[in-house]
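Take a look at this one; I'll ask things after.
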Protein chains: 2
Amino acid sequence: MGRRSDHTREELRELILEEGHRQLSEVGFARFSAREVAKGVGYSIGTIYNVFGSYNALMLALNGRTLDIWLASLEERLAGRENDRLDAAIEAYFDFALGRRHAWTALYDFRLPEGELPSESYREKVAAITGVIVREIAAVLPSDARDEALPLARSLLASVHGHCFFALNGTFTMLGEDDPVGAAKARVADALARYS
Amino acid sequence: MGRRSDHTREELRELILEEGHRQLSEVGFARFSAREVAKGVGYSIGTIYNVFGSYNALMLALNGRTLDIWLASLEERLAGRENDRLDAAIEAYFDFALGRRHAWTALYDFRLPEGELPSESYREKVAAITGVIVREIAAVLPSDARDEALPLARSLLASVHGHCFFALNGTFTMLGEDDPVGAAKARVADALARYS
DNA sequence: AAATTAATTGAACGGCGTCCAATTTTTTAA
DNA sequence: TTAAAAAATTGGACGCCGTTCAATTAATTT
C-alpha cells in the first residue's frame, strides 16, 4: 500500500500534477490517462480520485498549470524589451505552442461537459494572459483609443490563436503556408494601422 | 444476423456514414463511438471494421462529409449575392459552426496519429473551401495584387477560424466578447484596408 | 450439388473513467 | 496506553471503448 505519511495532501497534489503534466506533455491528450499517472507516482487510481475527484478536475488542474507556464514564458519574453513588444508577444505565443505542443493542444482538446464552467481560478489564469496583451495593445494605441484595447486584444488573440492552431494542426501545411508567424504579425499590424 | 443482401457495399457505406454523422452531430466527438453507430444501422461492430478498416478512417470519412456540407452551405450563401460577399462568407462560416457545433468541432477535435496525413480526397475538400475564399478575396483585391489572394486567404481564414473557435469554446464568453462575428469582420476589413 | 469466396458476427482482449467496500493508517478521546 | 473515530489508500468490479479474429452464414462459381 501506501506511502501515507510520505506526503501531505498538498504535496501529493503537487506530485500528481508534476507527473501528470510530464506525461501529458510526453504522450499528448489523446493518450493521456489518469491510471498511468497513478502508476507514475506510485499510488493507486483511487488516490487520484480522492485528491482530484474526477478525471475532468485533474485535466483542468493540468491545463491550469500549462497556463501558468505560458504566462510566465510570455512575461519573461517581454521583460526588459523596449521595442516591438507586440511582435515579441506573438513570437512567444508561437514558441510556447510549438515547444510544448502536447500541453498547449490539450488546452483546447479537453472540454468540460456542456454547460459546465471552468473554475474561477482557471478563468483567472486565462484572464491574466489576456491582460498582458491588453496592456501591450493599450501601450501602442493612441491615448484617445485606449478603451478599445480590451476588445481589440480579444480579437487579435483570436487571430493569432487561429494562425497558431492552423500551424500546429496541419491546415497551414495543407494550404502551403510556410510562415504562420509572419502572417499573424501582419494581421496584427493591419489592425493597428487603423489607428495611425 | 445480417442483412447481407439488403445492401451493396456502397449502400452500406452510405448507411453507416449517414447514421454516423447523425450520431456525431447529436452527441459530439467525445461521446461518439463506432459501436453505437453499428447498433444504429443494425449491423455488428465487425461490419464497420470490414467497411472502413478502423475508427480513424471512419472519423475521417465523417469529417469529410462535414466538409462537404460546409462547402455547400458556403456556396449557397454566396449564390446570387452581389455585395459584401466576404462578409456573407464570414457569416456563413459562423452560422455553420454554430448551427452544427458538434460536427464542426469534431473537425478539429479529431486528430490522426502524429505524422499521418489525411487522404487526398480529404485534403481536396479543405482546399475547395479555401478556394472559395481565395476567389472572393481576389475579387476585392486591386488587380495588381491578385497574387496575394492565396496567402491572404489562408491568413484571414485562420483569423476567422480563431474568432469562431473562441466563440464556441467559451473563451470569448470568459473575456466578455459578445459580437465575435463583428470582430472577425473588422479584422478582415483591416487586412483589406491595406489595399485601398 | 459441391466447392469456393465473401460478408457478417460477436466473444475476447486490454485499456479507459468511475465507484466503493474493505483495509490500513493516523488522529482523537478516554 | 489503549480504544474508538476519522481519514487515507487500495484494488477489484462495472460498463464502456477500439481492435482483432476464428467461426459462421450467405452468395457465387464450378
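Order of the sequence lines fixes the chain letters, A, B, ..., with proteins taken first and strands second; residue numbering starts at 1 for each chain.
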Residues clustering with Leu150(B) (ILVMFWY side chains joined when closer than 4.5 Å, directly or via others): Val134(B)

Basic-acidic side-chain contact under 4.0 Å: Arg187(A), Asp190(A):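 Salt bridge flag = yes for Asp190(A) with Arg187(A).
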
Whole-Å distance separating the NE2 atom of His7(A) from the C1' atom of dA7(D):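 It works out to 18 Å between those atoms.
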
Sugar-phosphate, base or nothing in reach of Ser44(B), heavy atoms under 4.0 Å: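 Base, at least one base heavy atom under 4.0 Å.
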
Which nucleotide in dG17(C), dT9(D), dG18(D) has an atom nearest any side-chain atom of Thr47(A):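 Given the options dG17(C), dT9(D), dG18(D), the side chain of Thr47(A) is closest to dT9(D).
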
Proximal nucleotide (of dG17(C), dG18(D), dT18(C)) relative to the Ala34(B) side chain: dG18(D)

Sugar-phosphate, base or nothing in reach of Ile48(B), heavy atoms under 4.0 Å: nothing

Gap between atoms CG and P, on Asn56(B) and dT20(D) respectively (whole Å): 11 Å

Of Asp109(B), Thr105(B), Asn169(B), the residue whose pairing with Arg111(A) passes side chain to side chain donor-acceptor pair (under 3.5 Å):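 Testing Arg111(A) for a side chain to side chain donor-acceptor pair (under 3.5 Å) against Asp109(B), Thr105(B), Asn169(B) leaves exactly one candidate, Asp109(B).
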
Residue Leu12(A), side-chain heavy atoms: nucleotide from dT9(D), dC16(C), dT8(C) that is nearest: dT9(D)

Candidate nucleotides dT20(D), dG17(C), dC17(D), ranked by approach to the side chain of Tyr49(B) - the nearest: dT20(D)

N/O donor-acceptor pair, side chain Arg35(A) with base dG15(C), under 3.5 angstrom: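 There is none.
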
Plane angle bin for Tyr108(A) and Phe165(B) - parallel if under 30°, tilted between 30 and 60°, otherwise perpendicular: perpendicular

From dA7(C), dT19(D), dT18(C), nucleotide with atom closest to Asn50(B) side chain: dA7(C)

Nearest-Å distance for atom pair CZ/P, residues Arg31(A) and dG17(C): 14 Å

Electrostatic pair Glu91(A)-Lys185(A), nearest N-O below 4.0 angstrom: yes

Whole angstrom value for the distance that separates P of dG11(D) from OH of Tyr43(A):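 It works out to 13 Å between those atoms.
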
Rounded distance in Å - OH (Tyr55(A)) to P (dC19(C)): 15 Å

Value in whole Å for how far the P atom of dG18(D) lies from CG of Leu60(B): 16 Å

For Phe94(B), all residues meeting ring-ring contact (aromatic ring centres under 6.0 Å, His included), sequence neighbours excluded: none

End axis versus end axis in the helix from dA1(C)-dT30(D) to dA30(C)-dT1(D), the angle rounded to 10°, five pairs used at each terminus: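 Taking five pairs per end, the axes differ by 20°.
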
Interatomic distance where CG belongs to Leu62(B) and P belongs to dG18(D) [whole Å]: 12 Å

Closest to the Arg9(B) side chain, choosing from dT19(D), dA7(C), dT9(D):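 So the side chain of Arg9(B) is nearest to dA7(C).
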
Rounded distance (Å) that lies between atom P of dT20(D) and atom CZ of Phe52(B):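 Going from CZ in Phe52(B) over to P in dT20(D) covers 16 Å.
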
Along DNA chain C (nearest heavy atom to each residue), the more 5'-positioned of Ile45(B) and Gly53(A): Ile45(B)

Phe96(B), Trp104(B), Phe166(B) screened by ring-ring contact (aromatic ring centres under 6.0 Å, His included) with His161(B), the one that passes: Trp104(B)

Note: Glu120(B)-Lys125(B) ion pair, threshold 4.0 Å (strictly below): no

